[in-house]
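Written below as structure tokens is the structure these notes are about.
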Protein chains: 2
Amino acid sequence: MAGRPINHQRRQELLDAAVGFAAEHGFAEVSWRTVAAAVGVSPTTLVHHFGTKEQMLEAILGRLRERMFAATRDPSGERPGLAAEARAAWARAADPRREPEFRLFFAVYGSALQAPQQFADFLDHAVTYWMVALIEAQKDEADPATAVRRATLVIATIRGLLLDLLTTGDRARVQETAEAFFDTLEETLERPPIH
Amino acid sequence: MAGRPINHQRRQELLDAAVGFAAEHGFAEVSWRTVAAAVGVSPTTLVHHFGTKEQMLEAILGRLRERMFAATRDPSGERPGLAAEARAAWARAADPRREPEFRLFFAVYGSALQAPQQFADFLDHAVTYWMVALIEAQKDEADPATAVRRATLVIATIRGLLLDLLTTGDRARVQETAEAFFDTLEETLERPPIH
DNA sequence: TAATTCCTTGTACGGTCGTACTAGAAATCG
DNA sequence: CGATTTCTAGTACGACCGTACAAGGAATTA
């Protein structure tokens, strides 16, 4: 009765390859034929696994979002303090090997047409995650309002510095700025203001 | 001898219309035919004024960059203090009416293929401008190194917050964070650290 | 007025795009 | 083995793309 089983792993392989191609050549270059040629399969094979091109783009975006979220989250699950965690997140994101990925991420980020809801959700998740981290960091004086503001500021700063890092040729300038920011963040959290 | 004079104003009109279309529909939708249909002229007319499509895209990017730089700079030329200036820059950039423009700006920002040098230069100009403003703000204790870091941080923060503003549905959260950031920036500049 | 140059338009060509259709090879179950 | 479903590949079709070419109307100078 039942025929050949569906090979889910095969789809993941093709998806990873498609993400790699998109990160390297940009979204504008993504087509059935170009991706197929780069991967080494027939265009029809990609159509068979993804359905339509829009579905393939959504799949690429979804996987890209997963990687971005994994990059900004501490994989160990430990909470050595907010400043340290922010520092680690920066170090992970500022990895030059991730540059093509982040380029593609930001390119899609600004686009109003490419699945904006997905990225809005992604951003909200990031804010929530950091807000929780911030509240846990300063356990006693947990003011939700300032925690949200600080989480928003940390995320925005890291993101803005990453944009700078992708654009400028002076990586050292951005790197030093990031370290200085984390230093002041550490001081602020260790010595909370009186008022 | 001489024939009909070149109408430079006509090109600017078409360019403005093209920028408006690109900001509204995104770069992916820009083609001779689509822009021509939106503007109300023949595709051949656009070809005549811009030459090739790549040149038209460059013209659009150049004009977009001009608007972005004008938006982040104080048109009055006065220097009421860095924090006030940063506040004004934020107010100008966070204008909801500019949202399509900024969307397009960030969409191109991350792209590695679309004239990256232009945007690298743009960023360097912005850093230089803010650095000068910072040094002038704290005239006596002018440390170039920290001035550059602070300029980088201010730019990155504003840019990151703008990205957040374009993505999230909670504008108030971002707005409050921005105001809090400018407050602390003001305090930091008025009361420089001892060390 | 005649010549010259710019502005605008229509048409046509080669190329790439997404997608549908057909068909053979591979793998699983009765 | 035979039936059934998945995987892969080839082909073809209509649509849009950027660009080149030809031609008529508009504006300026000699």
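The chains referred to below are lettered A, B, ... by the order of the sequence lines, with proteins before strands, and numbering in each begins at 1.
Comment: B/R159 does not engage A/D164 in a salt bridge, judged by the lack of any side-chain N to carboxylate O separation of less than 4.0 angstrom.
Between the NE2 atom of B/H25 and the C1' atom of D/dC16 there is a distance of 17 Å, given to the nearest Å. Note: CG (B/N7) to C1' (D/dG25) measures 15 Å, nearest angstrom. Atom CZ of A/R11 and atom P of D/dT8 are 13 Å apart (whole Å). Between the CZ atom of A/F50 and the C1' atom of C/dG18 there is a distance of 16 Å, rounded to whole Å. In this entry the distance linking CG of B/L46 with P of C/dC7 reads 13 Å, nearest Å. As a whole-Å value, the separation of B/H8 NE2 from C/dC6 C1' is 11 Å. The CD-P distance, from B/E29 to D/dC16, rounds to 12 Å in whole Å. Rounded to a whole Å, the CE atom of A/M56 is 7 Å from the P atom of C/dG18.
Residues B/P5 and B/K53 each lie close to DNA chain D; by heavy-atom proximity, the contact nearer the 5' end of the strand is made by B/K53.
Each end of the helix from C/dC7-D/dG24 to C/dG30-D/dC1 gets its own axis, taken as the rotation carrying the C1' atoms of four end pairs onto the next four within a five-pair window, and the two axes meet at 0° to the nearest 10 degrees.
The side chain of A/R10 places an N or O atom within less than 4.0 Å of a non-bridging phosphate oxygen (OP1 or OP2) of D/dT8. Under 4.0 angstrom from either OP1 or OP2 of C/dC6 there lies no side-chain N or O belonging to B/H49. Side-chain nitrogen and oxygen atoms of B/W32 include none within less than 4.0 Å of the OP1 or OP2 phosphate oxygen of D/dC17.
With hydrogens and angles ignored, the 3.5 Å screen pairs no side-chain donor or acceptor of A/E29 with any backbone N or O of A/G26.
For the pair B/D183 and B/R87, the minimum side-chain heavy-atom distance is below 4.5 Å. With a 4.5 Å cut-off on side-chain heavy atoms, B/T177 and A/V148 do not count as touching.
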For every nucleotide of nucleotides 9-16 of chain C, 5' to 3': is a protein heavy atom under 4.0 Å from its base (B), only from its sugar-phosphate (S), or from neither (-)?
-> BB-B----
Which side-chain N or O atoms in residues 36-48 of chain B pair as donor and acceptor under 3.5 Å with protein atoms at least two apart or in another chain?
residue : atom : partner : partner atom : Å
B/S42   : OG   : B/T44   : N            : 3.4
B/S42   : OG   : B/T44   : OG1          : 3.4

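Between B/W90 and the choices B/I158, B/D95, B/T157, B/V154, the side-chain contact (heavy atoms from CB on, under 4.5 Å) rule is met once, by B/I158. With B/E99 as the partner, the side-chain contact (heavy atoms from CB on, under 4.5 Å) test is satisfied by one option alone out of B/L165, B/L104, B/L166: B/L166.
Distance check: B/R11 CZ to B/D16 CG gives 11.0 Å after rounding to the nearest 0.5 Å.
Contact annotation: side chain of A/R4 to base of D/dT6, donor-acceptor pair present below 3.5 Å.
B/P96 approaches B/R171 most closely through the heavy-atom pair CG-NH2, 3.6 Å.
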